[in-house]
2 protein chains.
Amino acid sequence: MSSPTHGARARARIEVTAAIKDEARRQLAAEGAAKLSLRAVARELGMVSSALYRYFPSRDDLLTALIIDAYDSLGETVEQAHAAAADAGPVRRWSAVCEAARAWALGHPHEYALIYGSPVPGYAAPQTTVPAASRIGLVLTAILREAHQGPGLVTPPLPAELRAEADRMTADLAPDLPPETVTALVAAWAQLFGLIGFELFGQFNRVVEDREPFFRQAVAQLARGVGLVDPQHGDAGKG
Amino acid sequence: MSSPTHGARARARIEVTAAIKDEARRQLAAEGAAKLSLRAVARELGMVSSALYRYFPSRDDLLTALIIDAYDSLGETVEQAHAAAADAGPVRRWSAVCEAARAWALGHPHEYALIYGSPVPGYAAPQTTVPAASRIGLVLTAILREAHQGPGLVTPPLPAELRAEADRMTADLAPDLPPETVTALVAAWAQLFGLIGFELFGQFNRVVEDREPFFRQAVAQLARGVGLVDPQHGDAGKG
DNA sequence: CAAAAAAGAGAGCAGCGCTCTTGCCCTGGA
DNA sequence: TCCAGGGCAAGAGCGCTGCTCTCTTTTTTG
């Protein structure tokens, strides 16, 4: 950082690191995480396999880097979708975000499997992944927050047995929202990825053929589930 | 099949096959599907690795056998839960089935990952798995069918763009149910496994702590989503 | 310019899925 | 009773994997 030569070395390191991740992502898209091979990455990059260990101490560390990148890629995609629908009503924004998440998943199936599929046994995602993983949740929360401050939210009452946990989640995630809403949001968040995962992992094969309208309807119902009400079928009723 | 001696041979084969699957399941529970190794299975069974290929032509075929067993295990579990709640109302039966599915998943996390987690790339589950995989869907459908013939179902209208696909799915899955119900059921089916998968795969870590009441509430809302109405909070209103 | 730090190269270890060949032994028919 | 045929285990071996260690080359630094 003090001298330019040190910067040159550091820059080279950054470039090689990026090249490794790029090639790894290519192999991920081609063969999946299970068949991601350090040797194959090195071969393709014209270096020897052991040299890779100068950049990533293990295969798992390379995977972790790819996981964070994937979360960030998804997060950025949905944030952009949210921003692009800023003028629309909350139901429309909710749908836009959900559909952006689905589109990202369909476009990056192996990266989706990496972050929302079965975890590799014996591999615990380090805490480093948490901020990137949270981005989509923050977007969904923001939509509900605006709706809460604006037209309001319609939520079913909580059963007594859930009261304590709902309050705890609310304090953690969105203290300015009603616990009923936070609970419904967390459930909808999981359910959204149930829908996406079933489509991506083949559970809908021979069951749902025309997935786009099906997903749109399911997401609209999800919006109702978190209490979003639809003024004039999602038309910009806010502005 | 004609002579008892031939039967002795066949019986031995069945026993060895079962022993291989048992040991494979043990390793599955210990290490996960990715690290399931034919050599380790053979080692544990006191045979040489190549001998396993007399019973399963490849690692994938062994996995397929485990997948079918897992689907059947889950299917049987939820069928029993359904039968045990036969006297209750449809909402209670729905919840019982969903909670049984969750309990099975928590008790067999690696087998769950095998059937509802990311698919192994290059491995397409053969058509043989379909009947076993369908069992839980059939149970859920049966609940809705009885409710449809009894107290009735409350379903939101379908958007025009979904009409054709909804009719197609209905003809395929449950021609005696309204297309609105079938569409909602398929979505709820996917969403149920979104909830279970998020809990199992660690997405709820540091988010939802007291999972049982949370899941119960989510499942109750899922029941509402498929149109099940709750006479006196799920009490046996069918009489 | 020499010392030190970083990176690459290559050999090697232990493990993997899978294939092929060899030979044992059980079984069913003559 | 004997014998051919076939099911089956064993072993060697191929090409691959992640990872470690040592040695050399390159680059940065005092």
Side-chain angles (χ1 to χ4, degrees), chain A residues 1-21 23-24 26-28 30-67 114 120-124, chain B residues 1-21 23-24 26-28 30-67 114 120-124:
Chain A
M1 202 176 276
S2 52
S3 75
T5 48
H6 176 267
R9 185 107 99 176
R11 203 177 324 119
R13 189 179 178 83
I14 288 172
E15 275 172 25
V16 175
T17 305
I20 292 172
K21 287 203 292 186
E23 178 57 33
R26 272 200 46 243
Q27 292 200 13
L28 205 70
E31 296 280 0
K35 296 196 176 173
L36 173 61
S37 146
L38 288 187
R39 292 177 116 102
V41 170
R43 206 182 301 130
E44 212 68 22
L45 259 51
M47 50 202 312
V48 90
S49 72
S50 55
L52 278 193
Y53 286 83
R54 302 277 179 200
Y55 297 88
F56 295 96
S58 79
R59 186 178 177 275
D60 279 1
D61 289 84
L62 176 54
L63 272 180
T64 298
L66 295 179
I67 286 173
L114 199 60
V120 179
Y123 168 82
Chain B
M1 205 177 273
S2 51
S3 74
T5 49
H6 177 266
R9 203 115 78 197
R11 202 175 327 120
R13 189 180 178 84
I14 289 173
E15 275 172 24
V16 175
T17 305
I20 292 173
K21 288 204 290 187
E23 177 56 34
R26 272 201 46 244
Q27 292 201 11
L28 206 70
E31 295 281 0
K35 296 195 175 172
L36 173 62
S37 145
L38 288 188
R39 292 178 114 100
V41 170
R43 205 182 303 128
E44 212 67 23
L45 259 50
M47 50 201 315
V48 89
S49 71
S50 55
L52 280 193
Y53 287 84
R54 299 281 177 189
Y55 297 88
F56 295 96
S58 79
R59 185 178 178 275
D60 280 1
D61 288 86
L62 175 54
L63 270 180
T64 299
L66 296 179
I67 285 172
L114 198 60
V120 179
Y123 168 82

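Source: prediction; values computed, not measured. Letters A, B, ... mirror the listed sequences (proteins, then strands); counts begin at 1.
Each of A/M47 and B/R43 was assigned the nucleotide of DNA chain C with the nearest heavy atom; the assignment lying further toward the 5' end belongs to A/M47. With DNA chain D read from its 5' end, the first of the two nearest nucleotides for B/R39 and B/V16 is the one closest to B/V16.
Contact between the side-chain N/O atoms of B/R59 and the OP1/OP2 oxygens of C/dG17 is found at a separation under 4.0 Å. Side-chain N/O atoms of B/S37 include one lying less than 4.0 angstrom from OP1 or OP2 on C/dG17. One finds a side-chain N or O of A/Y55 lying less than 4.0 angstrom from the OP1 or OP2 phosphate oxygen of C/dG8. For A/R54 and D/dC19, the shortest distance from a side-chain N or O to OP1 or OP2 is not below 4.0 Å.
A donor N or O paired with an acceptor N or O is found under 3.5 Å between the base of D/dA10 and the side-chain atoms of B/S50. Donor-acceptor pairing under 3.5 Å, judged by distance alone, is absent between the side chain of B/R13 and the base of D/dG7.
One can place CD of A/E44 at 14 Å from P of D/dC16, the figure rounded to the nearest angstrom. Atom CD in A/Q27 sits about 14 Å away from atom P in D/dC16, given to the nearest Å. Following rounding to the nearest Å, A/I14 (CD1) and C/dA6 (C1') show an atom-to-atom distance of 15 Å. Atom-to-atom, CD1 of B/I20 to P of D/dC8 comes out at 11 Å; the value is rounded to the nearest Å. A straight line from CG of A/D61 to P of D/dT20 spans 11 Å, rounded to a whole angstrom. Look at CD on A/E31: it is 11 Å from P on D/dT17, rounded to the nearest Å. Distance, A/L52 CG to C/dG10 P: 15 Å, rounded to whole Å. Look at OH on B/Y53: it is 7 Å from P on C/dT19, rounded to the nearest Å.
Contacts of A/L36 with the nucleic acid, taken as non-hydrogen atoms under 4.0 Å apart, involve only primed sugar atoms and P, OP1 or OP2. No contact: B/L62 has no heavy atom under 4.0 Å from any strand. Here B/S58 lies in heavy-atom contact (under 4.0 Å) with sugar-phosphate atoms only.
Taken from CZ in B/F56 to CG in B/L63, the straight-line distance is 10.0 Å, to the nearest 0.5 Å. Summarising the geometry, atom CG belonging to A/L28 is positioned 13.0 Å from atom NZ belonging to A/K21; distances are rounded to the nearest 0.5 Å. Residue A/L45 holds its CG atom at 6.5 Å from CD1 of A/I20, rounded to the nearest 0.5 Å.
Between the side chain of B/R54 and the backbone N or O of B/R13, no donor-acceptor pair lies under 3.5 Å.
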Report task. Take B/D61 and B/T64, measure what side chain to side chain donor-acceptor pair (under 3.5 Å) needs, and give me the verdict at the end. Result -> CA-CA 5 Å; B/D61 288 86; B/T64 299; 5.5 Å; no
